[in-house]
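First comes the structure, then the notes that go with it.
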Amino acid sequence: MDAFMDRMWDYIMAMFHFSASLLDQALAPLHVFGPIFILTLLAVITVLITKTLNKYIITKRYIELEKEFQYWYKIREEAMKGPDYDKAKGIAKNIDQAKLNRVYYDYFLEGFLLGLARNILPVFLMVAYINESFQAEKLTLLFGKGYLFSLPSTGGKELLVGSVFFYLIALVLTHLTWAVIKRIAKKKVALPRQTIDSITSDVV
């Protein structure tokens with residue numbers, strides 16, 4: 001068993017290094033724009049990957065668990081509307097113990113595992129790649145210095161911003177920008193619809 005796990009780990013690492021080498025070659029022409037541009041681009045690509053995975057990767061089990069959870073939750077809500085509060089509370093408790101708690105646990109666990117695969121794993125792999133390919137020694141070799149830029153700090157010493165830290169900040173800012181653009185786009189779509197409804201109502 002240990003030998004099998006060792007071989008499996010060797011295969012995973014070989015695949016990671018091969019993928020990192022391909023990505024290095026793809027990014028090589030962009031070195032003229034500097035590491036900040038490249039890391040920002042990688043952050044945007046990561047967000048696009050996670051958005052695509054969230055849209056298209058979903059298990060049949062997750063869909064079934066979601067439907068089952070919604071079904072038993074609605075039954076519980078209906079039971080709580082009964083005239084006898086104590087009796088309704090007892091029925092709801094029985095539903096919780098018999099079905100809802102277990103279904104919710106399975107539904108939550110499935111969603112959590114999907115979240116890891118669709119959101120956390122791409123970021124983790126990209127951070128591992130950046131930590132390997134944009135470490136201080138390689139930054140110095142490729143761009144002439146081992147950091148991206150410096151910030152003033154207390155004590156007269158400068159705070160040197162490295163690749164991984166900048167990537168994570170760029171990732172957060174990209175997510176925020178995506179959310180703002182999406183919200184603005186929804187408002188622009190909703191506004192013409194409201195105008196059409198207003199004109200239609202006036203004509204009627």
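Position 1 is the first residue of the sequence; numbering continues from there.
Closest non-hydrogen pair, Q135 versus E132, comes out as NE2-O, 2.9 Å. Residues I36 and L148 share a closest heavy-atom pair of CG1-CB, 4.3 Å. Of all non-hydrogen atoms in P35 and L139, the two that sit nearest each other are CB-CD2, 4.0 Å. In terms of heavy-atom proximity, L53 sits nearest to A117 at CD1-O, 4.1 Å. When all heavy atoms of I63 and I58 are compared, the pair lying nearest together is CG1-CD1, 3.9 Å.
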Inset, instruction - Any chance you could lay out the side-chain contact (heavy atoms from CB on, under 4.5 Å) test for T52 and I57, step after step, and finish with the verdict? - result: CA-CA 8 Å; T52 302; I57 294 185; over 6 Å; no
Inset, instruction - Would you please test F149 and F166 for side-chain contact (heavy atoms from CB on, under 4.5 Å) and show each step? - result: CA-CA 10 Å; F149 54 87; F166 178 82; 3.8 Å; yes
Inset, instruction - Applying side-chain contact (heavy atoms from CB on, under 4.5 Å), run through L151 and E158 and close with a yes or a no. - result: CA-CA 5 Å; L151 296 173; E158 292 183 329; over 6 Å; no
Legend entry - side-chain contact (heavy atoms from CB on, under 4.5 Å) assessment of Y129 paired with D24: CA-CA 9 Å; Y129 166 74; D24 284 339; 2.5 Å; yes
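Taking CZ of R61 as the reference point, atom CG of L113 lies at 9.5 Å (rounded to 0.5 Å). Between the OG1 atom of T174 and the NZ atom of K51 there is a distance of 11.0 Å, given to the nearest 0.5 Å. The distance from the NE2 atom of H31 to the CG atom of L142 is 5.0 Å, given to the nearest 0.5 Å. The CG atom of L125 sits 11.5 Å away from atom CD1 of I120, with the distance rounded to the nearest 0.5 Å. The structure places CG of L30 at 6.5 Å from CG of L41, a figure rounded to the nearest 0.5 Å. Once rounded to the nearest 0.5 Å, the distance linking CG of L42 with CG of L23 reads 6.0 Å.
Note on W178: it clusters hydrophobically with L39, by side-chain heavy-atom contacts below 4.5 Å among ILVMFWY residues. Under a hydrophobic-cluster definition in which Ile, Leu, Val, Met, Phe, Trp and Tyr are linked whenever side-chain heavy atoms come within less than 4.5 Å, directly or via other members, V164 and L121 are assigned to different clusters. Connection of W72 to Y104 is established within a shared hydrophobic cluster, with ILVMFWY side chains joined at heavy-atom distances below 4.5 Å, either directly or through further cluster members. The cluster map of Ile, Leu, Val, Met, Phe, Trp and Tyr, joined by side-chain heavy atoms under 4.5 Å apart, puts L173 and V127 in the same cluster. Connection of I130 to Y147 is not established within any shared hydrophobic cluster, with ILVMFWY side chains joined at heavy-atom distances below 4.5 Å, either directly or through further cluster members.
Taking the six-membered ring for Trp and thresholds of 30 and 60 degrees, F134 and F143 have nearly parallel ring planes, at less than 30 degrees apart.
For the pair V172/L168, no side-chain contact is recorded, criterion being any heavy-atom separation below 4.5 Å from C-beta on. Proximity of S163 to N131: side-chain heavy atoms (C-beta onward) are nowhere separated by under 4.5 Å. Counting only heavy atoms from C-beta outward, the side chains of L114 and N119 never approach each other to under 4.5 Å. Side chains of Y167 and T46 form a contact here, defined as non-hydrogen atoms less than 4.5 Å apart.
F124 CZ: 12 or fewer foreign heavy atoms inside a 6.0 Å radius. For K67, the NZ atom is loosely surrounded, since the number of other residues' heavy atoms within 6.0 Å does not exceed 12. Annotation: F69, atom CZ; neighbour count of heavy atoms from other residues, nucleotides and ligands within 6.0 Å is above 12.
In this structure a side-chain-to-backbone donor-acceptor pair under 3.5 Å is present from T50 to V47.
For the residue pair E110/T59, the side-chain donor-acceptor check at 3.5 Å is satisfied.
Y107 and Y62 have their aromatic ring centers within a separation under 6.0 angstrom.
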